[in-house]
*Asks:* 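Below are the structure tokens for one structure; questions will follow.
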Amino acid sequence: MGFISSDHNNEQLLSKIATNNGHGENSPYFDGWKAYDSDPYHSAQNPNGVIQMGLAENELCFDLIQKWVANNPKASICTAEGANEFKDIAIYQDYHGLPEFRQGVAKFMGKVRGDRVMFDPDRIVMSGGATGAHEMLAFCLADPGDAFLVPTPYYPGFDRDLRWRTGTQIVPVVCESCTNFKLTKEALETAFQKATEAKIRVKGLLITNPSNPLGTVLDRDTLKTIVRFTNDKNIHLVSDEIYAATVFNKPGFISIAEIIEEETYCNRDLIHIVYSLSKDLGFPGFRVGIVYSYNDQVTLCARKMSSFGLVSTQTQHLIGSLLSDDIFTEKFIAESADRLAKRHEIFTKGLAQVGIGSLESNAGLFFWMDLRRLLKESTIKAEMALWQLIIHEVKLNVSPGSSFHCSEPGWFRVCFANMDDDTVKIALRRIRNFVLQSKGLDQGPAKRQCWQSKLQVSLSFRRLDDFVMAPHMMSPHSPISSPLVRARN
């Protein structure tokens, strides 16, 4: 006997959360992942598959982590050396978290910020990744119908994290390419005014620093402007700093924790930091998210809510031991930055050779690629057509700017730290050939067929070392007066 079901019956039987589209899974951002999952690239088994460049994952320093784990077997209760502590770790623990875990995370947060600020282990509240941390704060700070200001472009997952189960809203703060997507007081005031006119109560401002998807850091003056704005409006400031240790070039990262030390007038009850180990250490599977609030009541409430998304004690035990090793963490932070810088240079300079530029960036696991000149017209529809071509025929999953709520079509986020060197060469070869063949030509059916056939051909390509350009070659961020390359025909 089969089961009979219908969408209409489900709408009557299930909750609004279960039947709405609030998760955002129908976004092109997630569609790209699905395209990869259905046809994943593999050098031997599927060499013409889709290369995943839409996943911000840091795989460049796993060798360092693996070596540390091998040299410290007592850090895991699942080894012969660490089995004596199995019972103490496996039994029930309260939701405050293991002391060594909170101490290790607090110390690491300080180290990532150059030890210019200290963090109190008693304010460390854990959650199931940054996703859980953001939702937890939304529950603590706002009621259904309230809103958070979020500068654009922003991480597509915020639509899920802040809105889906909490019922809060997002009011975009529009930032534009003509100012290199800089967040200004004018943009903040405009967004706040629009929300007020729409009778939407703004409860907070969410910033990402370093930025996802831009790969840039906020300067000191901008951070001070932000703190003064939220203080004047008496709204909360949530600073997402999950990419803090991915800064690989100057200017350096400045945490909001440093700014409030300088801005003595600031109401610290309005300041909250979201952190995680998913990006800085490359541990997204461990689901270690952190809420660090300067508001005592928020800390207490968040800790109670953390019962719904605790980090396993086995993971806490391992992380606590790892992060207490100062020699290792200092070496890791430095080596990770060096490897990220080299990989970023390989990609941006490789693309610059065919006239493809990007926003000048110095952080993150991605860069913001400028393909505006390849659009038939400056519309989201044209951007989506180009994205469909790139993902289904060029076989690269890069994420379209519209999925990040970018105000201007033609920008794409490209992740570069989730693949090996050989895959880097393949990815660059594909996009290089696509751009060269597309230059000055319409993307008609015949053209697409030509490109598709070219995918099957193994074309010669220079070694990775050849991407380090000679002094006379074009910089990926030329001209000097602008960090953007606008190689328009």
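Residue indices begin at 1 and follow the sequence shown. Just so we're clear, the structure is a prediction, and the values are computed from it rather than from any experiment.
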*Asks:* Could you measure the distance from the CH2 atom of Trp368 to the OG atom of Ser358? Nearest 0.5 Å is fine.
*Replies:* 11.5 Å
*Asks:* What donor-acceptor contacts under 3.5 angstrom involve side-chain atoms of residues 102-111, with partners at least two apart or in another chain?
*Replies:*
| residue | atom | partner | partner atom | Å |
| --- | --- | --- | --- | --- |
| Arg102 | NE | His96 | O | 3.0 |
| Arg102 | NE | Gly97 | O | 3.3 |
| Arg102 | NH1 | Pro121 | O | 3.4 |
| Arg102 | NH1 | Asp122 | OD1 | 3.3 |
| Lys111 | NZ | Glu330 | OE2 | 3.3 |

*Asks:* Is Arg165 salt-bridged to Glu135, cutoff N-O under 4.0 Å?
*Replies:* yes
*Asks:* So if I apply the side chain to side chain contact (heavy atoms under 4.5 Å, CB included) rule between Met136 and each of Val291, Thr131, Thr166, which one comes out positive?
*Replies:*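 Per the side chain to side chain contact (heavy atoms under 4.5 Å, CB included) rule, the option paired with Met136 is Val291, out of Val291, Thr131, Thr166.
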*Asks:* With the side chain counted from C-beta on, respond yes when Leu375 and Glu383 share a heavy-atom pair under 4.5 Å apart, and no when they do not.
*Replies:*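 Yes, their side chains come closer than 4.5 Å.
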*Asks:* Do other residues, nucleotides or ligands put more than 12 heavy atoms under 6.0 Å from the CZ atom of Phe62?
*Replies:*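 Yes, CZ of Phe62 has more than 12 neighbouring heavy atoms, counting only those of other groups under 6.0 Å.
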*Asks:* Indicate yes or no: at least one non-hydrogen side-chain atom of Cys415 is less than 4.5 angstrom from one of Leu365.
*Replies:* no
*Asks:* Any side-chain donor-acceptor pair under 3.5 Å between His344 and Asn249?
*Replies:*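 Note: His344 and Asn249 side chains miss the donor-acceptor criterion.
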*Asks:* Taking side chain as C-beta onward, heavy atoms only, is Ile235 less than 4.5 Å from Phe148?
*Replies:* no
*Asks:* Can you tell whether the side chains of Glu261 and Arg268 come within less than 4.0 Å, N to carboxylate O?
*Replies:* yes
*Asks:* Could you go through Arg343 and Phe248, starting from their C-alpha distance and side-chain angles, then the distance that decides it, and tell me whether this counts as side chain to side chain contact (heavy atoms under 4.5 Å, CB included)?
*Replies:* CA-CA 10 Å; Arg343 180 62 65 84; Phe248 51 81; over 6 Å; no
*Asks:* Once the angle between the rings of Tyr155 and Phe158 is folded into 0 to 90°, is it parallel (under 30°), tilted (30 to 60°) or perpendicular (over 60°)?
*Replies:*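 Ring orientation of Tyr155 relative to Phe158: perpendicular.
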*Asks:* May I ask you to decide if Leu162's main-chain N or O and Thr168's side chain share a donor-acceptor pair within less than 3.5 Å?
*Replies:*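 Checking the backbone N and O of Leu162 against the side chain of Thr168, a donor-acceptor pair under 3.5 Å is found.
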*Asks:* Which atoms form the tightest heavy-atom contact between Cys175 and Pro151, and what is the distance?
*Replies:*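 Taking every non-hydrogen atom into account, SG-CB, 4.1 Å.
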*Asks:* Does any N or O in the side chain of Arg413 come within less than 3.5 Å of the main-chain N or O of Gly54, such that one atom is a donor and the other an acceptor?
*Replies:*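 Such a contact is found between Arg413 side chain and Gly54 backbone.
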*Asks:* Could you report the tightest heavy-atom contact between Met384 and Ser402, atom names first, then the distance?
*Replies:*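 Heavy atoms of Met384 and Ser402 come nearest at SD-OG, 3.7 Å.
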*Asks:* Backbone N or O of Ser407 within a donor-acceptor pair of the Glu176 side chain at under 3.5 Å?
*Replies:* no
*Asks:* Give a yes-or-no answer on whether the side chains of Glu189 and Gln193 include a donor-acceptor pair shorter than 3.5 Å.
*Replies:*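 The criterion, which ignores hydrogens and geometry beyond distance, is not satisfied for Gln193 and Glu189.
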*Asks:* Counting C-beta onward and ignoring hydrogens, is there a side-chain heavy-atom pair between Leu60 and Ser336 closer than 4.5 Å?
*Replies:* no
*Asks:* Check whether any side-chain heavy atom of Ile226 sits under 4.5 Å from a side-chain heavy atom of Leu218, and report yes or no.
*Replies:* yes
*Asks:* Kindly indicate whether a cation-pi arrangement holds for Arg113 with Tyr292, taking the cut-offs as under 6.0 Å to the six-membered ring centre and within 45° of the axis.
*Replies:* no
*Asks:* For Gly364, does its backbone N or O pair with a side-chain atom of Thr246 as donor and acceptor, under 3.5 Å?
*Replies:*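 Answer holds: yes.
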*Asks:* How are the rings of Tyr29 and Trp33 set to each other: parallel, tilted or perpendicular (split at 30° and 60°)?
*Replies:* tilted
*Asks:* Between Arg228 and Tyr265, do the side chains contain a donor N or O and an acceptor N or O under 3.5 Å apart?
*Replies:*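 Judged by distance alone, the side chains do pair up.
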*Asks:* Just checking, is any N or O donor in the side chain of Asn397 or Gln52 under 3.5 Å from an acceptor N or O on the other one?
*Replies:*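 A donor-acceptor contact under 3.5 Å links the two side chains.
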*Asks:* Do any N or O atoms from the side chain of Gln169 and from the backbone of Gly145 form a donor-acceptor pair under 3.5 angstrom?
*Replies:*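 Answer holds: yes.
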*Asks:* Output the distance between atom OG1 (Thr348) and atom CE (Met369), rounded to the nearest 0.5 Å.
*Replies:* 12.0 Å
*Asks:* Once you measure the plane-to-plane angle for Phe347 and Phe416, does it fall in the parallel (<30°), tilted (30-60°) or perpendicular (>60°) bin?
*Replies:*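 It falls in the tilted class, 30° to 60°.
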*Asks:* Tell me whether Asp31 is salt-bridged to Lys34, with the criterion being a basic N under 4.0 Å from an acidic carboxylate O.
*Replies:* yes
*Asks:* Begin with the C-alpha distance, continue with both residues' side-chain angles, and end with the deciding distance and a verdict on side-chain hydrogen bond (donor to acceptor under 3.5 Å, both in side chains) for His236 and Asn295.
*Replies:* CA-CA 10 Å; His236 295 277; Asn295 186 309; 5.5 Å; no
*Asks:* Counting distance only, does the side-chain N/O of Ser324 pair as donor-acceptor with the main-chain N or O of Ser321 below 3.5 Å?
*Replies:*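 Yes; judged by distance alone, with no hydrogens or angles, the pair exists.
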*Asks:* Would the number of heavy atoms belonging to other residues, nucleotides or ligands and lying under 6.0 Å from CG of Leu64 be above 12?
*Replies:*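 Correct, the count exceeds 12.
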*Asks:* Any heavy-atom pair between the side chains of Lys279 and Asn58 that's under 4.5 Å?
*Replies:*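 Asn58 vs Lys279: side chains apart.
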*Asks:* Rounded to the nearest 0.5 Å, what separation is found between the OG1 atom of Thr222 and the CD1 atom of Ile259?
*Replies:*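 It is 9.5 Å, given to the nearest 0.5 Å.
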*Asks:* Should we count CD of Gln297 as having more than 12 external heavy atoms under 6.0 Å?
*Replies:* no
*Asks:* Donor-acceptor check, side chain of Asn231 to backbone of Val227, threshold 3.5 angstrom: yes or no?
*Replies:* no
*Asks:* If you take all heavy atoms of Pro213 and Pro153, which pair is closest and at what distance?
*Replies:* CD-O, 3.5 Å
*Asks:* Please confirm whether the backbone N or O of Tyr154 pairs with a side-chain atom of Thr152, one donor and one acceptor, at under 3.5 Å?
*Replies:* no
*Asks:* Can you measure from CG (Asp240) to NE2 (His134) and round to the nearest 0.5 angstrom?
*Replies:*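 That separation rounds to 3.5 Å.
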*Asks:* Under 3.5 Å, is there a donor-acceptor pair between the side chain of Glu360 and the main chain of Asn180?
*Replies:*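 No; judged by distance alone, with no hydrogens or angles, the pair does not exist.
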*Asks:* Do the non-hydrogen side-chain atoms of Phe119 and Ile290 ever get within less than 4.5 Å of each other?
*Replies:* no
*Asks:* Should Val414 and Ile431 be marked as a side chain to side chain contact (heavy atoms under 4.5 Å, CB included) after you check the CA-CA gap, both sets of side-chain angles, and the distance that decides it?
*Replies:* CA-CA 11 Å; Val414 181; Ile431 196 166; 5.9 Å; no
*Asks:* Is any side-chain heavy atom of Val398 less than 4.5 Å from a side-chain heavy atom of Leu371?
*Replies:* no
*Asks:* Would you name the heavy atoms of Ala56 and Tyr243 that are closest together and state the gap between them?
*Replies:* CB-OH, 3.5 Å
*Asks:* Could you state the interatomic distance from OG1 (Thr313) to CG (Leu318), rounded to the nearest 0.5 Å?
*Replies:*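 Between atom OG1 of Thr313 and atom CG of Leu318 there are 11.5 Å.
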*Asks:* Determine whether Lys194 and Val171 satisfy the following criterion, side chain to side chain contact (heavy atoms under 4.5 Å, CB included), listing intermediate values before the conclusion.
*Replies:* CA-CA 9 Å; Lys194 286 183 177 180; Val171 175; 5.6 Å; no
*Asks:* After noting the C-alpha distance and the side-chain angles of Leu55 and Tyr36, does the key distance pass the side chain to side chain contact (heavy atoms under 4.5 Å, CB included) rule?
*Replies:* CA-CA 10 Å; Leu55 181 61; Tyr36 166 77; over 6 Å; no
*Asks:* Determine, for Lys203 against Asp143, whether the closest basic-nitrogen to carboxylate-oxygen distance falls under 4.0 angstrom.
*Replies:*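 Salt bridge flag = no for Asp143 with Lys203.
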*Asks:* With rounding to the nearest 0.5 Å, note down the distance linking CD1 in Ile260 to OH in Tyr294.
*Replies:* 4.0 Å
*Asks:* Between the side chain of Asn209 and the main-chain N/O of Ile254, is any donor-acceptor distance below 3.5 Å?
*Replies:* yes
